Amino acid sequence: MTKPKVVLGVSGGIAAYKACELLRRLTESGHDVRVVPTDSALHFVGAATWSALSGNPVSTEVWETVHEVPHVRIGQGADLVVVAPATADMLAKAAHGLADDLLTNTLLTARCPVVFAPAMHTEMWEHPATQENVATLRRRGAVVIEPAVGRLTGVDTGKGRLPEPGEIFEVCRRILARGVTTPDLAGRHVVVSAGGTREPLDPVRYLGNRSSGKQGYALAGAAAARGARVTLVEANTGMPDPAGVDVVHVGTAVQLREAVLKAAADADAVVMAAAVADFRPAVYATGKIKKTDDGGAPTVELVRNPDVLAELSADRALPGQVVVGFAAETDDVLVNGRAKLARKGCDLLVVNEVGEHKTFGSAENEAVVLAADGTETPVPYGPKEALAETVWDLVLPRLRERSA
Ligand code: CTP
């Protein structure tokens, strides 16, 4: 079997050193990687490093090995092009179709998926010129990963950091695994909620649930790899923020509702994978609830939390918005699932069976996706990533139908 061919474009930013780690991950996982740095990138990491790590020749411009027509061949032969780091200058050149070195030529000749992992100072990222270039690239089908927030070069911090190499690798791996040439969620904004809410009783105790958040993270990662702008509303997962995703951290059901409704205002699809507590303590004790000498125990009164999924479904922020719910059932899984789909009013309901040793915290899942039009899609036992892809596969035709 021939190895998938990946072009790793490197433009001139200090984060170029992190691309060495991305290169190692790509080669070690069986990809044939051709590194195409820009001239500026070589100020940060030299050609010898790229050549030694990739096992392939490295050049920056179109005048070497001219007989092999590298400015056309490298792009044409690629299964994936990933540019990491992508500077503001590189995004501008790519958006405008400039071709003044080997990398920009490669970007014009590539017909495979193209991923940009931007890295720059916050001001440069937020500048309308850069934002318009990013929007142009996304509209044309490129995957532009949202930069991470954190320490930048020097003492400043903010949005603009290159996501961790492992996360960029994960986006590339998913795209190559799907074998698609066009990211089919490009230009879409999707919202995913993940994790489990915690409803505080007092400063040290809460009512919670056992949701790990893995399914929601798989959904967010899959959507990002398919080109969507993703907002992940995360509740108590303890997991690191995934690459290419805007993450909003929440604690309680009420906070989750607020964050989801805000993000849903311009969303094409909302997937409620979070386990939202149906009840919360009626009273929050500002001091720790203490034991009493009479041996008695306090009674905790509960009140209902808002049902976010039902609210989203009944009151769609946009006419064509697709709303997806999850149902974790312990008994009569399908019967309860169908009733829940009707009750909540969503378009799709992913129903899975949960129990003491099933689903919670595990990397696998088995489910049936029920649709409001009566169709049922069974998803066999397998990784949560596979279920995530199926959910987006089912969301897509519904998006197209409505926006047609
Ligand atoms: N959900 C929600 N708001 C709530 C409770 C649940 O948005 N207050 C969403 C979940 O994110 C999930 C779906 O509703 O997508 C199903 O949640 P589940 O708790 O299984 O359904 P319930 O309606 O609470 O039914 P049950 O009586 O079985 O608990």
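Bear in mind the structure is a predicted one, so any value in this text is a computation, not a measurement. One-based numbering, in listed order, for ligands and for the atoms of each. These numbers come from the heavy atoms of this one structure, side chains and all, not from hydrogens, waters or symmetry mates.
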inquiry  = Checking contacts here: is it the side chain or the backbone of R257 that comes within 4.0 Å of ligand 1, counting heavy atoms only? Could be both or neither.
reply    = neither
key: Region of P306 engaging ligand 1 - heavy atom pairs below 4.0 Å   = backbone
Can you report which non-hydrogen protein atom sits closest to [atom], along with the distance?
atom                    : answer
atom 16 (C) of ligand 1 : F326 O, 2.7 Å
atom 3 (N) of ligand 1  : V308 N, 3.1 Å
atom 27 (O) of ligand 1 : R343 NH2, 4.5 Å

Under 3.5 Å: N/O of [X] near N/O of ligand 1:
X    : answer
V324 : no
D278 : yes
L309 : yes
A274 : yes
A275 : no
A327 : no
K340 : yes

remark   = ligand 1 atoms nearer than 4.0 angstrom to some heavy atom of M272 are 7 (O), 11 (O), 12 (C), 15 (O)
inquiry  = Using a 4.0 Å cut-off to any heavy atom of G325, which atoms of ligand 1 qualify?
reply    = 15 (O)
request  = Test side-chain hydrogen bond (donor to acceptor under 3.5 Å, both in side chains) on T299 and E301 and set out the steps.
outcome  = CA-CA 6 Å; T299 303; E301 194 194 330; over 6 Å; no
query = So which of T38, T87, D100, N133 actually passes side chain to side chain contact (heavy atoms under 4.5 Å, CB included) with K93?
reply = D100
Side chains of [X] and [Y], donor plus acceptor under 3.5 Å:
X    : Y    : value
S313 : E311 : no
S54  : N56  : no
T390 : D393 : no
D266 : H189 : yes

Sub-4.0 Å heavy-atom approach of A253 to ligand 1 = no
request  = Give a yes/no on ligand 1: does K344 have at least one heavy atom closer than 4.0 angstrom to it?
outcome  = yes
ask   = Does the side-chain hydrogen bond (donor to acceptor under 3.5 Å, both in side chains) test come out yes or no for T60 and D39, once each step is laid out?
value = CA-CA 6 Å; T60 63; D39 268 337; 3.1 Å; yes
query = Crowded around D293 CG? As in, over 12 foreign heavy atoms under 6.0 Å?
reply = no
message = I'd like to know whether T375 forms a side-chain hydrogen bond (donor to acceptor under 3.5 Å, both in side chains) with D373, so could you lay out the CA-CA distance, the side-chain angles of the two residues, the decisive distance to 0.1 Å, and finally the verdict.
response = CA-CA 6 Å; T375 54; D373 61 15; 2.7 Å; yes
ask   = Measuring from E385:CD to K214:NZ, what's the distance to the nearest 0.5 Å?
value = 10.0 Å
